[in-house]
Asker: 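There's a structure below that I have some questions on.
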Amino acid sequence: MIQAYTENSASGRQRAIDDLNARSASVLSVYGQRMASTAVRSRSIEPLVRGLIAVGMAEERLGDPRENLYPLVAINDGATLIGTSIRTLISKVSDLLPPRALEKLREFDQRQEQDKSLEAMGLRRFGSGQNFLYS
């Protein structure tokens, strides 16, 4: 779904977002957190990019937009662990997401470090290597 979204035109991407319901948006949000774990396991930025796109797509359709805080915290931490930043990731996806979603992502990035930490959201790192995950 993410690949099809990224390959679509701007109007097609907006239609894809408009077609999301709250449940689909929640699935995309959870996917974002899972991609953070995948990125750390593979030491690759690409899963973080896909995860951030998913979170951005979900932003306006979630029943409670705070649902995206958990995956954003994991994406932020994963980015740090593999040597990049959420700011860099946001720049990479900026042409693919609607302005409101980008605004929310940038607002998250502007938070104080302690407010976007794993501890702030009650998340933890588990395992290592191929068994690494956020929970």
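Position 1 is the first residue of the sequence; numbering continues from there.
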Asker: Output the distance between atom CG (Leu97) and atom NZ (Lys104), rounded to the nearest 0.5 Å.
Answerer: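 Atom-to-atom, Leu97:CG and Lys104:NZ are 14.5 Å apart.
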Asker: With a 4.5 Å cut-off on side-chain heavy-atom distances among I, L, V, M, F, W and Y, is there a chain of contacts connecting Leu72 to Leu62?
Answerer: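 The answer is no; the residues belong to distinct hydrophobic clusters.
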Asker: Please report the closest heavy-atom contact between Ala74 and Gln33, naming both atoms and the distance.
Answerer: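 Smallest heavy-atom distance, with atoms named: CB-CG, 3.9 Å.
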Asker: Which residues pass the side-chain contact (heavy atoms from CB on, under 4.5 Å) test with Arg125, sequence neighbours left out?
Answerer: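 Counting only residues at least two positions away or on another chain, Arg125 forms a side-chain contact (heavy atoms from CB on, under 4.5 Å) with Asp77, Leu81, Leu118, Phe132, Tyr134.
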Asker: Mind checking whether Met35 and Met1 sit in one hydrophobic cluster, side chains of I, L, V, M, F, W, Y counted as touching below 4.5 Å?
Answerer: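 Per the 4.5 Å side-chain linkage, Met35 and Met1 are co-clustered.
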Asker: So which atom in Ser29 and which in Ala58 form the shortest heavy-atom distance, rounded to 0.1 Å?
Answerer: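 So the two residues come closest at N-CB, 4.2 Å.
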Asker: Roughly how far, to the nearest 0.5 Å, is CD of Gln112 from NZ of Lys116?
Answerer: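 Between atom NZ of Lys116 and atom CD of Gln112 there are 8.5 Å.
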Asker: Should Val30 and Val49 be counted in the same cluster of Ile, Leu, Val, Met, Phe, Trp and Tyr side chains packed under 4.5 Å apart?
Answerer: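 Different clusters.
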Asker: Does Thr88 use its side chain to pair, donor to acceptor, with the backbone of Thr84 at less than 3.5 Å?
Answerer: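 Between the backbone of Thr84 and the side chain of Thr88 there is no qualifying donor-acceptor contact (under 3.5 Å).
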Asker: More than 12 non-hydrogen atoms from neighbouring residues, nucleotides or ligands closer than 6.0 Å to CD on Gln114, yes or no?
Answerer: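 More than 12 within 6.0 Å, yes.
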Asker: Has Arg41 got more than 12 heavy atoms of other residues, nucleotides or ligands less than 6.0 Å from its CZ?
Answerer: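 Check passes, neighbour count above 12.
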Asker: Could you report the tightest heavy-atom contact between Leu102 and Ser94, atom names first, then the distance?
Answerer: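 Closest approach of Leu102 to Ser94: CD1-O, 3.1 Å.
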Asker: According to a hydrophobic-cluster definition based on side-chain heavy atoms being under 4.5 Å apart (Ile, Leu, Val, Met, Phe, Trp, Tyr only), do Leu133 and Leu52 belong together?
Answerer: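 The answer is no; the residues belong to distinct hydrophobic clusters.
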Asker: Salt bridge or not for Arg100 and Glu103, using N-O below 4.0 Å?
Answerer: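 Salt bridge: yes.
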Asker: Would a single hydrophobic cluster contain both Ile53 and Leu20, if residues Ile, Leu, Val, Met, Phe, Trp and Tyr are joined by side-chain heavy-atom contacts under 4.5 Å?
Answerer: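 Yes, one cluster joins them.
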